[in-house]
Asks: 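What follows is a structure written as structure tokens; I'll ask about it next.
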Amino acid sequence: MKIIDAHLHLFPSSPSTDGMAEKVGHENNTDHLRQVYGELNMVHGVVMGNRSLETGYHSYPEDLFHYCVGLDSTLLNEEKGPIPDLPDRVEEHLKRENCCGVKLYPGYNHIWLSDPMYEPIYQLAARYDKPVAVHMGLTAFAKAHLKYSHPLVLDETAADHRRTRFVMCHFGNPFLESAAAVVEKNHNVSADLSGLLEGRVNLEEYFREQAGYVSLLRTWLTAIGQWDDILYGTDWPIVNLGEYIDFVKGLVPEKHWEKVFFHNANRVYGLGL
Ligand SMILES: [Zn+2]
């Protein structure tokens with residue numbers, strides 16, 4: 001089965017980012033990823049952008065990756081406002097074939113998805129027919145505010161922008177009930193399953209000890225039954241790539257694997273694979 005990783009981050013080499021990859025049994029470089037992708041039949045990845053709006057910063061091997069241009073907190077000015085020319089800068093990316101969407105980080109930015117600064121971004125995404133991925137649910141840093149990344153916040157924006165497509169990252173974890181409701185209600189919202197683990201795990205032990213949590217995940221995914229809207233993703237470099245495939249196989253019934261692991265991401269991000 002071919003696999004697309006619909007959610008990863010590529011960080012430049014530094015002691016901390018290299019350490020993240022080493023902690024999960026990997027190396028922080030694309031040569032290593034290319035090798036592991038080959039071993040696991042991972043045919044493509046969608047890089048969630050960070051840190052820069054320079055188009056030159058976002059040059060990735062095109063046979064392996066597309067990317068979403070990311071509007072993280074490094075792009076706000078000192079008053080937490082948008083940088084000048086934000087829509088034009090984003091459009092420069094959306095014009096590129098290898099840019100397959102936009103990534104928003106509202107919890108980290110302390111900005112509501114309904115904030116006017118995002119309005120032109122939604123319009124552009126609709127015009128280019130490329131989705132807006134949104135970090136939803138728990139955050140990596142305590143200084144982020146969860147109220148901005150709760151799945152119900154996406155409901156309002158998705159309902160008011162029916163021509164814009166959205167991807168709810170991390171299935172809004174751990175706000176699973178709300179996440180399921182938002183995906184079920186809104187035809188323009190899909191969800192990725194990235195970042196539900198962090199670090200290495202013994203899966204047999206994990207499925208036993210975390211049976212309650214795993215059951216909640218399975219329950220809500222199965223309850224809405226929208227297997228055309230659920231995308232496999234890892235949130236590399238925080239997980240071991242082989243382990244994460246087995247983890248998601250443990251959540252998703254086998255008859256839906258082809259869609260979840262490949263076809264949905266290919267369609268939603270327009271990867272043309
Ligand atoms: Zn991520």
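Just so it is clear, the values below take in all heavy atoms, side chains as well, and ignore hydrogens, waters and symmetry mates. Order of listing sets the numbers, starting from 1, for every ligand and every atom in it.
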Asks: Would you mind writing out the side-chain donor-acceptor pairs for residues 188-196 within the sub-3.5 Å range, not counting sequence neighbours?
Replies:
from   : atom 1 : to     : atom 2 : distance (Å)
Asn188 : OD1    : Arg162 : NH1    : 3.3
Asn188 : ND2    : Ala158 : O      : 3.1
Asn188 : ND2    : His161 : O      : 3.0
Asn188 : ND2    : Thr164 : O      : 3.0
Asp192 : OD1    : His170 : N      : 2.9
Asp192 : OD1    : Ser194 : N      : 3.0
Asp192 : OD1    : Ser194 : OG     : 2.7
Asp192 : OD2    : His7   : ND1    : 3.0
Ser194 : OG     : His7   : ND1    : 3.2
Ser194 : OG     : His170 : ND1    : 3.0

Asks: In the protein, how many N/O/S atoms are under 2.8 Å from the Zn ion (ligand 1)?
Replies: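 Counting protein N, O and S atoms closer than 2.8 Å to the Zn ion (ligand 1) gives 3.
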Asks: Do any side-chain atoms of residues 249-260 form donor-acceptor pairs under 3.5 angstrom with protein atoms, and if so which ones, sequence neighbours left out?
Replies:
from   : atom 1 : to     : atom 2 : distance (Å)
His256 : NE2    : Trp227 : NE1    : 3.3
Trp257 : NE1    : Val252 : O      : 2.7
Lys259 : NZ     : Asp228 : OD1    : 2.9

Asks: Among pairs that include at least one residue of residues 187-206, which meet ring pair (Phe, Tyr, Trp, His ring centres under 6.0 Å), considering only residues two or more places apart or in two chains?
Replies: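 Listed once each, the pairs are Tyr206-Phe247.
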Asks: Between His66 and Tyr269 (judged by ring centroids, cut-off 6.0 Å), do the two rings come close enough to count as a pair?
Replies: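 No, ring centres 6.0 Å or more apart.
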Asks: Under 4.0 Å between a side-chain nitrogen and a carboxylate oxygen: does that hold for Lys103 and Asp72?
Replies: no
Asks: Inspect the surroundings of CD in Glu204 and state if more than 12 heavy atoms from other residues, nucleotides or ligands are less than 6.0 Å away.
Replies: no
